Amino acid sequence: MAPQQVCVVGAGVSGLSTAVSIQQELSSKVVVSIVADKFSPETTSDGSGGFWGPHLVNPDQADDINKWGNETFDYIFDLFRSEHGGDVGAQLISGYCFSNSAIPFVDKCIGVRNLTKEESNIHPDTKNGQTLTTVMIDVKAYLPWLMKKFQANGGIVLKRKISSLDELSPYYDVIVNCTGLGAHYLLDDHDLRPVRGQVFRVRAPWIKHFYVDIDESNPENEIYILPGAREVVLGGTSQVGDWNTQVDSADRDLIWNGCCKLLPSLKKAEVLEEWVGLRPQRTRIRVELDRKHTGREGNAAIVHNYGHGGSGVTLHWGCAQEATRLVVRALKNAIPKSNL
Ligand SMILES: Cc1cc2nc3c(=O)[nH]c(=O)nc-3n(C[C@H](O)[C@H](O)[C@H](O)COP(=O)(O)OP(=O)(O)OC[C@H]3O[C@@H](n4cnc5c(N)ncnc54)[C@H](O)[C@@H]3O)c2cc1C
Ligand SMILES: *[C@@H]1O[C@H](CO)[C@@H](O)[C@H](O)[C@H]1NC(C)=O
Ligand SMILES: *[C@@H]1O[C@H](CO)[C@@H](O)[C@H](O)[C@H]1NC(C)=O
Ligand SMILES: *[C@@H]1O[C@H](CO)[C@@H](O)[C@H](O)[C@H]1NC(C)=O
């Protein structure tokens, strides 16, 4: 029997991981293509801190977050312990979350406990919080690594901007929507909105712990310092509904001053990059089979996997596996294109 055709739209962390996960599950039974207008290093995912920690999520979706987050934590942890750890910059990272209330969604992390008095004193204003160990991945290395894997498995890559599903539907049995914020236009999904994030990337190899300073009274400006495998990310803003992708000088001062107040040695760090990304935020992250396009009608079935907001990396492998299960189900229902 001829292999069935699956198309993944999007080449950020959601699209690439979903495409590879489908190949792993179905191997030679399917041919998987990726269609996207932007690839690494130009996607939103490339600028992500790569830090595991559910951020800006809806507590009403806690069951999904815990499931997908746990699966992704284990996956990054296993990558860290594998021979590929260095290729993708997977690391275990310990550090401090300063906050006046308990940090949500940290059950999966290792060694979570309240700060001691000495640790509270690390904060210039002496602040309570928790210390924990989590995982991180260098997304700028991880995306090309996934792409190589995808192509080695026989995956097809097409660079193209899609304006409607009708362009793809005739050629595929299943289409997976991993378009991030792009779905706002494609699907006219106005539940999807940008949460603007501005960050610095600096060279500061002496920093070995992460620092997150949560200001409950001003959730738009959280100060964080995340040392990745190659550079340290200093953030950052969370401006809901703001489409501005230009670096803003007021935000720059706020982030720089906030981070240098927390760790004055950063004043001497070399700035490598300033960057703005728009997180694809949705009331609920959408990983589901489209009710109107199930594949039973002879058209392509549509599986959605978008709207991950500030947690796209944190949840990606769990979501990729969930989307893969939906693709398997849709392929069973699909009327083979060759029979039409
Ligand atoms: C400053 C900042 C820091 C962050 N830090 C973290 C972090 O530490 N940890 C974490 O978990 N998350 C973090 N995030 C969030 C994370 O980056 C996102 O959740 C994630 O990148 C979303 O991935 P995605 O693959 O869904 O979308 P994207 O990376 O945006 O990819 C979308 C893809 O779809 C394609 N596409 C869209 N529309 C079309 C179209 N019409 N035709 C063809 N192709 C199309 C694009 O070209 C692209 O390839 C951060 C975000 C920001 C902004
Ligand atoms: C996630 O992992 C934590 C810690 O091991 C566990 O307590 C929790 O039940 C898990 N949740 C899910 C949904 O798997
Ligand atoms: C940790 O701190 C919180 C307040 O931030 C407190 O409610 C809790 O009891 C503390 N837990 C332990 C084990 O001390
Ligand atoms: C995503 O799904 C919607 C249907 O809900 C469709 O209108 C849109 O074109 C799809 N996008 C892609 C790129 O397949």
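Values in this document were obtained by computation on a predicted structure and should not be read as measured data. Each ligand, and each atom within it, is numbered from 1 in the order the structure gives.
By the 4.0 Å heavy-atom criterion, Cys178 is counted among the residues contacting ligand 1. Residue-ligand proximity: Gly235 is placed with every non-hydrogen atom at 4.0 Å or more from ligand 1. No heavy atom of Leu181 sits closer than 4.0 Å to any atom of ligand 1. Trp275 counts as a contact of ligand 1, since one of its heavy atoms falls under 4.0 Å from the ligand.
Proximity of Arg160 to ligand 1, defined as any heavy-atom pair under 4.0 Å, is confined to the backbone N, CA, C and O atoms. With a 4.0 Å heavy-atom cut-off, ligand 1 is reached by the backbone of Ala36 and by its side chain too.
Residues Trp68 and Val8 share a single hydrophobic cluster, defined by chaining ILVMFWY side chains whose heavy atoms lie under 4.5 Å apart. Follow the hydrophobic side-chain contacts under 4.5 Å out from Val57 and you reach Trp317 in the same cluster. The hydrophobic clustering, which links ILVMFWY residues whose side-chain heavy atoms are closer than 4.5 Å, places Val31 and Val9 together. Taken together through direct or relayed side-chain contacts under 4.5 Å among Ile, Leu, Val, Met, Phe, Trp and Tyr, Val135 and Ile207 form parts of separate hydrophobic clusters.
Residue-to-ligand polar distances keep Gly197 apart from ligand 1: every N/O pair is separated by 3.5 Å or more. Ligand 1 has no nitrogen or oxygen under 3.5 angstrom from a nitrogen or oxygen of Gly10. Where the criterion is an N or O separation shorter than 3.5 Å, residue side chain and backbone included, Gly312 meets it with respect to ligand 1. Of the polar atoms of Thr314, at least one N or O is found under 3.5 Å from an N or O of ligand 1, judged by distance alone. The distance criterion of under 3.5 Å between nitrogen or oxygen atoms is not met by Gln198 with respect to ligand 1. Considering backbone and side-chain atoms alike, Val195 places every N or O at 3.5 Å or more from each N or O of ligand 1. Between Val313 and ligand 1, at least one N/O pair is under 3.5 Å apart. Inclusion of Thr44 in the set of residues having an N or O under 3.5 Å from an N or O of ligand 1 is warranted. Close N/O approach between Lys38 and ligand 1 is found [any backbone or side-chain N/O within under 3.5 Å].
Each of the atoms 23 (O), 24 (P), 25 (O), 26 (O) of ligand 1 lies under 4.0 Å from some heavy atom of Ser14. For ligand 1, the atoms lying closer than 4.0 Å to a non-hydrogen atom of Ala11 are 33 (C), 48 (C), 49 (O). For ligand 1 and Gly12, the ligand atoms under 4.0 Å from any heavy atom of the residue are 25 (O), 29 (O), 31 (O), 33 (C), 49 (O). Ligand 1 places these atoms under 4.0 Å from at least one heavy atom of Ile162: 40 (C), 41 (N), 42 (N), 43 (C). Against a heavy-atom cut-off of under 4.0 Å, Thr43 is close to the following atoms of ligand 1: 29 (O), 49 (O). Heavy-atom contacts of Val199 reach the following atoms of ligand 1: 1 (C) (cutoff under 4.0 Å). Which parts of ligand 1 touch Gly182 is read off a 4.0 Å heavy-atom cut-off, strictly below it: atoms 37 (C), 38 (N). Those atoms of ligand 2 with a heavy atom of Lys108 less than 4.0 angstrom away are 2 (O). Close approach of ligand 1 to Gly277 is summarised as follows: ligand atoms under 4.0 Å from at least one heavy atom of the residue are 53 (C).
The residue among Gly53, Ser45, Pro54, Gly15 with a heavy atom at the shortest distance from atom 20 (C) of ligand 1 is Ser45. Of the candidates Val35, Thr179, Asp37, it is Thr179 that places a heavy atom closest to atom 32 (C) of ligand 1. Counting heavy atoms only, Gly49 comes closest to atom 3 (C) of ligand 1 of the residues Gly49, Gly307, Ser17. Taking only non-hydrogen atoms, the option from Gly309, Gly69, Gly180, Cys319 nearest to atom 27 (O) of ligand 1 is Gly180. If you check each of Asn114, Leu115, Asn128 against atom 8 (C) of ligand 3, the one with the closest non-hydrogen atom is Asn114. Counting heavy atoms only, Ser48 comes closest to atom 6 (C) of ligand 1 of the residues Ser163, Pro194, Gly236, Ser48.
By the 6.0 Å contact criterion, CD on Glu270 is enclosed, its count of non-hydrogen atoms from other residues, nucleotides or ligands being greater than 12. The environment of CD in Gln246 is sparse: at most 12 heavy-atom neighbours from other residues, nucleotides or ligands sit within 6.0 Å. Remark: Lys148 NZ is loosely packed, at most 12 non-hydrogen atoms of other residues, nucleotides or ligands lying under 6.0 Å away. Within a 6.0 Å sphere centred on NZ of Lys38, other residues, nucleotides and ligands contribute 12 heavy atoms or fewer. More than 12 heavy atoms of other residues, nucleotides or ligands shown are found within 6.0 angstrom of CZ on Arg113.
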Could you check Ser14 against Asn305 for side chain to side chain donor-acceptor pair (under 3.5 Å), going step by step and ending with a plain yes or no?
CA-CA 7 Å; Ser14 304; Asn305 182 11; 4.8 Å; no
Side chain to side chain contact (heavy atoms under 4.5 Å, CB included) for Cys259 and Tyr211? Distances and angles first, verdict last.
CA-CA 9 Å; Cys259 288; Tyr211 303 80; over 6 Å; no
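The residue from Asn70, Thr72, Asp74, Thr314 that alone fulfils the side chain to side chain donor-acceptor pair (under 3.5 Å) condition with Lys108 is Asp74.
The aromatic rings of Phe80 and Phe77 are tilted relative to each other, their planes meeting at an angle between 30° and 60°. Below 30°, between 30° and 60°, or above 60°: for Phe98 and His123 the angle between ring planes is above 60°, a perpendicular geometry.
Salt bridge Arg203/Glu231: absent, no basic N to carboxylate O contact under 4.0 Å.
A heavy-atom distance below 4.5 Å is found between the side chains of Glu71 and Gln321.
Two rings, from Tyr142 and His316, have their centers less than 6.0 Å apart. Under the 6.0 Å cut-off for aromatic ring centres, Phe210 and Phe51 qualify, their centroids lying closer than that.
Closest to atom 5 (O) of ligand 3 among all protein heavy atoms lies Asn100 O, 4.4 Å. Annotation: atom 3 (C) of ligand 2 to nearest protein heavy atom, Asn70 ND2, 3.7 Å. Taking atom 4 (C) of ligand 2 as the reference point, the nearest protein heavy-atom neighbour is Asp107 O, 3.6 Å.
In this structure, the side chain of Gln130 engages the main chain of Ile103 through a donor-acceptor pair within 3.5 Å. A donor-acceptor distance shorter than 3.5 angstrom exists from the side chain of Glu167 to the backbone of Ser164, with no hydrogens or angles considered.
Atom 14 (O) of ligand 2 lies below 4.0 Å from at least one non-hydrogen atom of the protein. In this structure, atom 11 (N) of ligand 3 has a protein heavy-atom contact shorter than 4.0 Å.
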